[in-house]
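Okay, structure first, notes after.
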Amino acid sequence: MQQELAITIDSTNISNTDYSVRRISRDQTEKYILEIHYAKRYPQMKYAFGLFKDALLVGIVSYGIPASRSLCKGIAGEEQAGDVLELNRLCLLNNLKNEASMLVSCSLKQLPKPKIIVSYADSSQNHVGYVYQATNFIYTGLSDKHKEWRMVDSNVHSKNICKMYTLEERKNNPDKFIHIDRPRKHRYLYICGDKRYKKKMLPKIKYGIQPYPKCNN
């Protein structure tokens, strides 16, 4: 999303008869992920859903297996690691009020279950995650402090840079590679399943549940 809005679900602003949410292909996400979303790169994608207003695709959300295996295990333990998916892209064409929350809410209902969804709101983009608050995610604080490698004038992910270039290559080419503090992100979780699964999972969540953050502006 280009701008985060404080969103509450209000049926007087969006008519369900005008909108629908359904599964889409990876190809249908291309314009949103590569042209509109600030990251400008594809994530690992297992499921993608589109928000349609009449016949027009006006937003996308995608889910994939997190790149970090330690994250999958760290949320609720080794036994539940296979249940973890990351909501890794959320992008709207116009970002009208309630569109984002409708898209996220309806897509969660259509995911195979049970699942534990993790998602992040990027503090470097002045996001605190209002859409996740509006859709009843659990807030578990900021991600850990961490340094990462980046290429000058490139959006290649740090993990791929480390696969493509040795540490010596990165250190010896400061005009091409930089080692920077990774922006800390607000981390949200959503337990996607029946009441029994939710009751079982809540005590297993290893991150402390915290009050929702608010924007300082």
Side-chain angles (χ1 to χ4, degrees), residues 1 4-9 21 23 37 39 43-49 59-91 98 100-148 157-159 181-216:
M1 291 182 292
E4 187 180 49
L5 302 177
I7 300 171
T8 55
I9 299 175
V21 175
R23 185 91 177 262
H37 194 275
Q44 193 282 340
M45 191 182 300
K46 193 167 184 180
Y47 306 99
F49 299 88
I60 66 100
V61 62
S62 68
Y63 300 84
I65 298 171
S68 170
R69 177 66 182 174
S70 60
L71 170 67
C72 294
K73 294 189 293 185
I75 288 176
E78 177 72 45
E79 185 180 351
Q80 263 62 56
D83 291 350
V84 177
L85 284 178
E86 181 178 356
L87 190 164
N88 48 28
R89 290 293 183 271
L90 174 60
C91 190
N98 296 328
S101 53
M102 172 176 282
L103 174 54
V104 170
S105 178
C106 292
S107 68
L108 289 170
K109 293 175 183 177
Q110 295 181 50
L111 282 172
K113 298 170 179 62
K115 290 286 182 277
I116 301 172
I117 310 302
V118 59
S119 194
Y120 296 91
D122 193 342
S123 61
S124 69
Q125 298 293 317
N126 296 318
H127 293 175
V128 296
Y130 286 126
V131 64
Y132 306 124
Q133 297 177 23
T135 46
N136 297 316
F137 276 65
I138 297 166
Y139 179 65
T140 62
L142 289 166
S143 60
D144 294 335
K145 292 182 178 179
H146 185 73
K147 283 188 174 290
E148 64 182 9
H157 195 279
S158 178
K159 184 176 180 179
D181 290 324
R182 181 179 66 182
R184 299 184 75 186
K185 298 180 179 181
H186 297 283
R187 183 179 52 238
Y188 289 86
L189 301 177
Y190 187 90
I191 301 173
C192 201
D194 60 23
K195 289 182 180 179
R196 181 180 297 180
Y197 182 77
K198 291 178 181 179
K199 185 176 181 180
K200 177 184 175 183
M201 286 302 107
L202 266 176
K204 291 190 174 187
I205 299 299
K206 297 183 181 298
Y207 297 117
I209 298 173
Q210 299 182 26
Y212 287 148
K214 300 298 178 187
C215 187
N216 293 325

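FYI, the numbering just counts along the sequence from 1.
For the pair S62/Y47, no side-chain contact is recorded, criterion being any heavy-atom separation below 4.5 Å from C-beta on. At a threshold of 4.5 Å between non-hydrogen side-chain atoms, the residues Y139 and I209 do not count as touching. For the pair Q133 and P213, the minimum side-chain heavy-atom distance is below 4.5 Å.
A salt bridge (Lys or Arg N to Asp or Glu O under 4.0 Å) check over residues 63-78, counting only residues at least two apart or in different chains, returns the pairs R69-E78.
The side-chain hydrogen bond (donor to acceptor under 3.5 Å, both in side chains) search around R23 returns none, not counting sequence neighbours. Partners of D83 under the side-chain hydrogen bond (donor to acceptor under 3.5 Å, both in side chains) rule, at least two apart in sequence or in another chain, are Y197. Here E79 pairs with nothing under the side-chain hydrogen bond (donor to acceptor under 3.5 Å, both in side chains) rule; sequence neighbours left out. Under the side-chain hydrogen bond (donor to acceptor under 3.5 Å, both in side chains) criterion, E86 pairs with no residue at all, not counting sequence neighbours.
At most 12 heavy atoms of other shown residues, nucleotides or ligands fall within 6.0 angstrom of atom NZ in K199.
For S101 (side chain) and V131 (main-chain N/O), no donor-acceptor pair under 3.5 Å exists by modelled atom type. No donor-acceptor distance shorter than 3.5 angstrom exists from the side chain of Q210 to the backbone of I138, with no hydrogens or angles considered.
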Next on the checklist: Before you tell me yes or no, could you show the steps for H186 and Y120 under ring-ring contact (aromatic ring centres under 6.0 Å, His included), namely the whole-Å CA-CA distance, both residues' side-chain angles and the distance that decides it to 0.1 Å?
Outcome noted: CA-CA 5 Å; H186 297 283; Y120 296 91; over 10 Å; no

Would you give me the side-chain donor-acceptor pairs under 3.5 Å for residues 107-119, sequence neighbours excluded?
| residue | atom | partner | partner atom | Å |
| --- | --- | --- | --- | --- |
| S107 | OG | Y63 | OH | 2.6 |
| S107 | OG | L103 | O | 3.1 |
| S107 | OG | V104 | O | 2.9 |
| Q110 | NE2 | V21 | O | 2.9 |
| K113 | NZ | L108 | O | 3.2 |
| K113 | NZ | K109 | O | 2.8 |
| K113 | NZ | L111 | O | 2.8 |
| S119 | OG | L87 | O | 2.9 |
| S119 | OG | Y132 | OH | 2.8 |

